[in-house]
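So you know, we letter chains A, B, ... as the sequences are listed, proteins then strands, and number each from 1. Remember, predicted model here, so these are calculated numbers, not experimental data.
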Protein chains: 4
Amino acid sequence: MDELQKKGSLRLKWAYEHMPVMKEIDQRLRKERPFEGVKIGMALHTEAKTGILALTLAAGGAKVRLASCNPLSTDDSVVLALREEYSLEVHAKKGETQEEYYSNLNKVLDLKPDMIIDDGADVITMVHTSRRDAIKGVKGANEETTTGVVRLKAMAASNKLEFPVISVNDAQMKFLFDNRYGTGQSVFDGWMNSTNLVIAGKRLVVAGYGWCGKGIAMRAKGLGASVAVCETDPIKAIEARMDGFEVMRMIDAAKEADMIITATGCKDVVREEHLKVMKGGCIMGNAGHFDNEICKKDMERMAVTVSNVREYIDEFKMKDGRKLYLIAEGRLMNLAAGQGHPVEIMDTSFAAQALSMEYILNNSSKMENRVYDVPNSIDTDIANIKLRSLGIEIDSLTEEQKRYMNSWEEGT
Amino acid sequence: MDELQKKGSLRLKWAYEHMPVMKEIDQRLRKERPFEGVKIGMALHTEAKTGILALTLAAGGAKVRLASCNPLSTDDSVVLALREEYSLEVHAKKGETQEEYYSNLNKVLDLKPDMIIDDGADVITMVHTSRRDAIKGVKGANEETTTGVVRLKAMAASNKLEFPVISVNDAQMKFLFDNRYGTGQSVFDGWMNSTNLVIAGKRLVVAGYGWCGKGIAMRAKGLGASVAVCETDPIKAIEARMDGFEVMRMIDAAKEADMIITATGCKDVVREEHLKVMKGGCIMGNAGHFDNEICKKDMERMAVTVSNVREYIDEFKMKDGRKLYLIAEGRLMNLAAGQGHPVEIMDTSFAAQALSMEYILNNSSKMENRVYDVPNSIDTDIANIKLRSLGIEIDSLTEEQKRYMNSWEEGT
Amino acid sequence: MDELQKKGSLRLKWAYEHMPVMKEIDQRLRKERPFEGVKIGMALHTEAKTGILALTLAAGGAKVRLASCNPLSTDDSVVLALREEYSLEVHAKKGETQEEYYSNLNKVLDLKPDMIIDDGADVITMVHTSRRDAIKGVKGANEETTTGVVRLKAMAASNKLEFPVISVNDAQMKFLFDNRYGTGQSVFDGWMNSTNLVIAGKRLVVAGYGWCGKGIAMRAKGLGASVAVCETDPIKAIEARMDGFEVMRMIDAAKEADMIITATGCKDVVREEHLKVMKGGCIMGNAGHFDNEICKKDMERMAVTVSNVREYIDEFKMKDGRKLYLIAEGRLMNLAAGQGHPVEIMDTSFAAQALSMEYILNNSSKMENRVYDVPNSIDTDIANIKLRSLGIEIDSLTEEQKRYMNSWEEGT
Amino acid sequence: MDELQKKGSLRLKWAYEHMPVMKEIDQRLRKERPFEGVKIGMALHTEAKTGILALTLAAGGAKVRLASCNPLSTDDSVVLALREEYSLEVHAKKGETQEEYYSNLNKVLDLKPDMIIDDGADVITMVHTSRRDAIKGVKGANEETTTGVVRLKAMAASNKLEFPVISVNDAQMKFLFDNRYGTGQSVFDGWMNSTNLVIAGKRLVVAGYGWCGKGIAMRAKGLGASVAVCETDPIKAIEARMDGFEVMRMIDAAKEADMIITATGCKDVVREEHLKVMKGGCIMGNAGHFDNEICKKDMERMAVTVSNVREYIDEFKMKDGRKLYLIAEGRLMNLAAGQGHPVEIMDTSFAAQALSMEYILNNSSKMENRVYDVPNSIDTDIANIKLRSLGIEIDSLTEEQKRYMNSWEEGT
């Protein structure tokens with residue numbers, strides 16, 4: 001077997017071995033085959049954990065076609081193994097051009113999928129605009145990430161959404177873990193892999209104190225950095241302050257930052273005005289879905305030279321001699337420069353994906369064209385399997401306690 | 001001036017000095033006098049910060065009558081100062097009997113209040129049951145704590161609630177800070193004050209991983225303890241695990257625990273079965289609203305002797321020789337054995353109280369008899385004043401960014 | 001029994017109950033009576049844990065006389081109980097004048113002690129200068145704290161030391177725990193007790209990054225503060241930086257500090273130049289041995305008014321309106337405003353005291369007039385008893401491993 | 001240029017750019033050429049940071065020959081770049097056989113070096129035994145790591161050491177940072193790279209609580225693991241406990257461990273008895289110098305099958321079905337499966353190497369054949385350059401303070 005394929009094959013098996021929740025779902029779906037004859041189009045970061053989700057849906061009977069939701073996040077070894085060893089249709093490679101990227105998404109839509117799993121909402125957007133030919137059969141979709149959900153809610157608010165979407169991102173078993181502990185760890189996988197620089201003692205600025213930003217800040221502190229947070233929401237700003245972080249405007253933070261990580265879901269968070277005052281040597285990376293959080297256009301315009309100075313790192317030399325560094329072209333540094341979220345984290349996130357797909361399959365006729373939360377029971381089911389896999393037993397309420405929790409008469 | 005009164009007087013002034021949000025509200029109310037002629041009945045932990053809330057409402061024109069919402073949480077020095085120096089009507093003392101406690105709440109209701117501020121929902125319950133004579137004039141109420149909100153929602157669910165209640169507990173500027181950082185710190189104030197024992201290296205068990213439990217666990221870790229969490233909710237249980245804590249059933253945790261702190265809002269969380277297996281020397285304390293989380297009845301029944309062995313600590317000697325310790329009779333250890341939440345924490349919590357009272361005053365006619373969230377604008381106002389007081393400036397979205405956040409067309 | 005005495009009596013019993021190492025030593029000394037007829041003069045912080053050390057030495061046969069090593073650190077309740085219940089000679093009260101302080105130390109020397117336990121080296125200094133009448137019989141002494149050891153080493157370096165002294169401070173079972181975890185916790189006991197202010201989100205400046213400063217910084221971080229460190233040693237400065245703290249000069253730190261805690265062993269660490277630029281509202285406290293780390297003379301000279309504004313807190317109002325606060329007159333805030341180090345911490349520190357006293361008793365004839373380290377075997381003995389009391393079993397080297405650790409031939 | 005060489009070339013330049021202390025030393029040596037005509041034989045982990053040390057010594061005039069001190073820790077891209085671009089003599093490749101490993105060390109000794117830089121003491125041992133032909137000209141050596149120092153002290157104790165050795169490992173600017181923050185971070189670089197598994201919520205066992213173990217435990221906690229420590233030293237064991245970690249015997253820890261990392265400097269720390277009771281799925285890695293801390297022989301003997309299941313990970317299937325995993329064949333996982341210590345960490349470690357080499361050059365005639373500490377002035381010089389490079393200013397003692405610190409007369 002080809003070396004690259006072997007690597008991908010091992011990564012897939014290793015992932016499956018460490019995804020106990022998906023394993024249990026896989027084994028049930030394999031028996032019940034609920035997706036028999038169903039076509040599922042997926043656009044996700046195409047690496048080992050995603051492979052397991054795709055294979056699980058396929059094991060449940062689905063015809064799956066997979067593309068990447070990001071030009072830089074693909075693991076080519078896994079793509080090869082999925083194709084050669086599992087005969088899965090995958091259209092993705094690391095380092096796609098914009099054109100290749102969209103061409104691959106189009107191939108997914110060429111399948112005329114019954115259901116869609118999207119990450120960032122590009123496919124769902126396409127099927128509502130440029131690829132309306134494929135919209136008719138779509139019963140519903142899942143969306144994986146905050147950015148996509150924001151877009152879809154905007155779409156729903158303008159009455160443009162033409163099928164129901166489940167916001168898998170908002171499953172508790174997803175955002176509480178994936179966005180926080182997943183991003184928190186994988187950003188530093190990307191950091192270590194691309195820079196080999198120390199984190200302890202560094203001034204790290206996190207833009208955004210949502211679940212992702214919280215995770216990054218928490219781990220940065222845990223790795224010894226001195227952390228500052230930039231926020232636009234006053235309540236989150238105070239929360240960051242009470243968590244022991246400095247809170248300031250980007251224009252002030254940039255002057256002292258050794259590292260800046262963005263995780264806002266907004267664009268141009270770091271832009272010309274910040275680049276102007278930034279300390280020489282500052283290394284920037286992005287953990288948000290799109291590569292527009294750090295304004296590359298401004299960086300390129302302001303730079304005298306741009307050169308690749310280490311794997312995944314470009315140096316932008318400014319007129320005044322300052323060198324500014326950008327990791328992975330400003331794309332998701334945890335996936336583009338690292339191996340993405342830890343396997344066990346994606347286990348519960350993708351369990352929410354698989355079960356939400358099944359939910360849409362069974363309930364789409366009763367659903368409206370809006371963004372739905374993941375049903376509570378799915379969250380609880382995943383949590384219980386996960387606990388079991390960890391060998392953890394928890395307390396349960398006694399009858400007396402249940403009664404008490406629903407009463408109001410008993411006081412001091 | 002009497003020594004005790006002087007102490008209380010200084011504590012009140014010190015609190016006011018360190019409550020910048022309340023200061024700003026106080027100065028406005030003092031001018032506008034919106035509560036002119038309004039009677040407000042309050043049952044809160046009667047100590048310095050509460051004193052400032054009462055004085056602020058009074059400065060705004062209200063006739064205020066104050067009792068304690070807990071028999072052990074009163075600061076007698078503050079009561080004296082409020083009465084003598086500020087002529088406020090206060091009915092509270094530290095160490096009330098059950099009878100005195102209810103007698104004091106009754107005095108509050110004797111005022112026939114137009115509005116109520118409650119903490120634990122005892123007064124609101126009374127006015128719906130034993131004191132229906134006082135219910136007629138009540139336009140609305142605020143409830144301060146999780147436990148009270150649970151009771152009131154149960155009441156509303158059974159259609160028993162006869163006026164609107166604002167759940168001040170659920171203001172972001174309250175629960176994110178008060179329940180987490182407030183409880184997190186003040187529990188250890190109570191601990192240090194009552195035990196003078198080290199926290200580092202201790203096995204500390206937290207029952208409940210809500211906001212209070214999260215705060216306690218976080219601070220316990222920050223003080224060097226090895227922390228285990230007991231939960232009945234599987235998702236919170238996994239969250240605790242991912243935060244680095246052991247998660248187990250109380251029956252297993254009790255065997256190894258050096259300290260057990262309850263913060264569940266439920267009763268009998270520690271009971272006979274746990275007391276039987278508990279390690280000798282274990283010290284128990286409660287941070288939940290009621291004193292029934294650790295079952296004192298079971299402790300008393302099982303003990304050979306009960307004796308006070310240090311300020312705030314009772315020793316329960318078991319037949320087999322084990323000594324088990326209980327802090328502050330199982331009542332809120334942060335208030336009964338310590339000085340309660342830090343001043344700045346209560347600043348924002350009580351700002352939410354003051355502004356919610358004003359909201360009810362202006363809007364009660366349009367409100368239904370149910371439990372309301374604090375209006376978002378109140379949360380944001382408090383956050384902005386707070387940030388200003390901290391001298392923190394934050395970013396704001398550019399017009400372009402605002403547009404982007406509301407669009408869905410822009411993709412990869 | 002008098003209320004105060006009862007409180008002290010309970011505190012003594014509680015301490016003894018939680019000092020397993022001292023308990024074991026106490027039981028042995030009680031049998032062996034090695035100190036029969038030996039006079040021991042002690043100057044230590046006169047509170048419950050110290051009481052247990054004094055009682056243990058007395059149980060071993062010694063005639064003990066005890067004074068305080070600090071005018072503000074005495075627990076009057078314990079003094080009363082020691083005198084009335086245990087007939088121990090104690091000369092100490094909380095809030096001694098300078099005159100009373102030295103008069104009490106003189107009473108200790110009037111005993112003509114055979115051995116001395118000192119904390120800060122005041123008694124040892126006196127016996128070498130003003131009280132040379134008492135020096136003849138002194139066989140040796142123990143010194144408890146960094147500051148005292150620095151003084152004694154300076155004394156030995158000038159050939160002025162006339163008897164051997166054991167630096168109990170430098171026992172591993174002392175400084176690794178007492179200076180770090182002890183100070184780390186008790187400083188915040190003093191803080192919470194005196195201020196009732198929140199620590200999370202505060203800018204806390206620690207002066208000194210020795211073991212005490214490390215402990216304070218670590219706990220401050222654990223309680224949510226944003227910590228800056230001031231140091232004069234470049235290596236310690238980098239260590240602080242790598243631990244995630246800001247490192248800066250006091251003149252820069254003072255401008256932003258919400259709290260400043262000194263733990264340097266040096267004087268005038270905070271002085272006029274810093275007070276001039278300090279942010280209004282800053283609260284200062286000291287954890288070093290002497291009350292000269294924060295220059296009170298400068299504060300008093302610069303202040304327009306000085307007034308007590310809460311228990312243990314003085315406000316210094318500057319001409320420009322800024323209010324600066326000082327905890328416990330700049331004396332050890334953990335003892336003067338709190339209950340001192342946790343009981344279990346003093347258990348091992350005082351075990352080192354007791355065993356070092358015994359060591360001097362048996363070995364003084366062979367010892368030179370210099371500062372000795374605590375013998376290793378004492379450290380190991382204490383550690384082993386401590387581990388046993390915690391129920392912890394550890395690995396031991398196999399014979400093969402022992403051999404390997406002493407060989408050099410075995411390589412890659 | 002060859003792709004691999006280009007990668008190595010960039011890694012070297014990136015390292016140099018981020019080693020400000022080495023840069024300053026390099027610039028001085030380049031001018032002064034103190035090593036003109038001196039032959040230096042080096043055995044270190046052959047990757048980018050080591051490359052900078054070798055190039056710096058070469059720039060100072062030395063003829064340098066470099067081999068790897070570990071069969072798995074070489075970065076082939078760097079070797080290529082050093083050879084092709086800088087004409088440095090390097091004898092190393094990733095994945096050497098035992099034979100190749102020693103053959104390369106022999107090539108270093110064929111140079112007949114005047115001075116040696118060693119890591120683990122293999123070269124120094126060889127020159128004292130099998131390669132005595134090369135010992136005559138050796139003026140002195142540096143040793144980099146704890147393990148090597150232990151060996152050399154054993155050698156010196158048996159009067160076998162025939163030239164002076166500086167224990168660079170014991171420079172404060174080395175062990176306080178390299179062993180703690182270096183190992184702390186790079187172990188998790190190796191972990192993430194080889195497993196893509198989550199750290200949060202895992203039960204991680206660290207064997208050894210020296211500086212390396214402390215760093216690993218601290219970072220594991222910072223990344224969300226629940227940490228247990230195994231130690232044979234009772235004082236270190238208590239320290240670990242007070243730092244909030246569980247402390248237990250390996251035989252107990254192995255039963256619950258998800259990950260075990262060894263950092264003891266001893267052999268057979270994990271052996272048959274532990275492997276027997278180990279939880280299935282446990283992943284083991286080593287951060288100590290030699291690959292004998294986890295007993296591979298026992299693992300191989302007990303396993304039914306051994307297979308490579310992911311990059312750097314071997315699976316050992318036990319008879320009872322349990323799968324146990326070993327990272328990087330039990331060799332230094334931070335170097336073999338990751339990129340080794342962060343650049344800035346090696347900056348100060350290697351500064352101590354370069355300056356100690358220079359010290360031996362100038363002082364060897366006055367030195368005895370024993371193990372020396374790095375002179376204090378070297379430590380301080382490095383610290384001061386490092387502080388400057390970080391832009392940190394620190395306080396300095398006033399004259400008055402200096403006087404005070406050396407006096408003993410001033411008391412309470």
How many angstroms lie between CD in D:Gln185 and CG in A:Asn196, if you round to the nearest 0.5 Å? 8.0 Å
Below 4.5 Å, heavy-atom pairs only: which of D:Asn193, D:Asp258, D:Val309, D:Asn308 has the largest tally toward chain A? D:Val309
To the nearest 0.5 Å, how far apart are CD in D:Gln339 and CE in A:Met192? 10.5 Å
D:Glu315 versus chain A, the contacting section by heavy-atom distance below 4.5 Å: neither
D:Lys94 atom NZ, neighbour heavy-atom count above 12 within 6.0 Å: yes
Excluding sequence neighbours, so at least two apart, what forms ring-ring contact (aromatic ring centres under 6.0 Å, His included) with D:Phe316? none
Using a cut-off of under 4.5 Å for heavy-atom pairs, which of D:Thr195, D:Leu223, D:Asp189 has the most such pairs with chain A? D:Leu223
Interchain contact, D:Lys202 with chain A, by part (heavy-atom threshold 4.5 Å): side chain
Return the option, out of A:Leu10, A:Val343, A:Leu197, with the maximum number of heavy-atom pairs under 4.5 Å with chain D. A:Leu197
Using non-hydrogen atoms and a 4.5 Å limit, figure out which bit of D:Ile199 sits close to chain A: side chain, backbone, both or neither. both
Check: D:Glu311 side chain, A:Lys7 main-chain N or O, donor-acceptor pair, under 3.5 Å: no
Quick check on the interface: out of D:Met218, D:Arg219, D:His18, who has the most heavy-atom pairs with chain A under 4.5 Å? D:Arg219
For chain A, the option from D:Trp191, D:Tyr325, D:Phe188, D:Phe177 that forms the most heavy-atom pairs under 4.5 Å: D:Tyr325
Working for side-chain contact (heavy atoms from CB on, under 4.5 Å), residues A:Lys323 and D:Glu17: CA-CA 11 Å; A:Lys323 296 171 183 172; D:Glu17 185 78 22; 3.1 Å; yes
Does anything in residues 384-392 of chain A reach chain D? List residues with heavy atoms under 4.5 Å apart, or say none. none
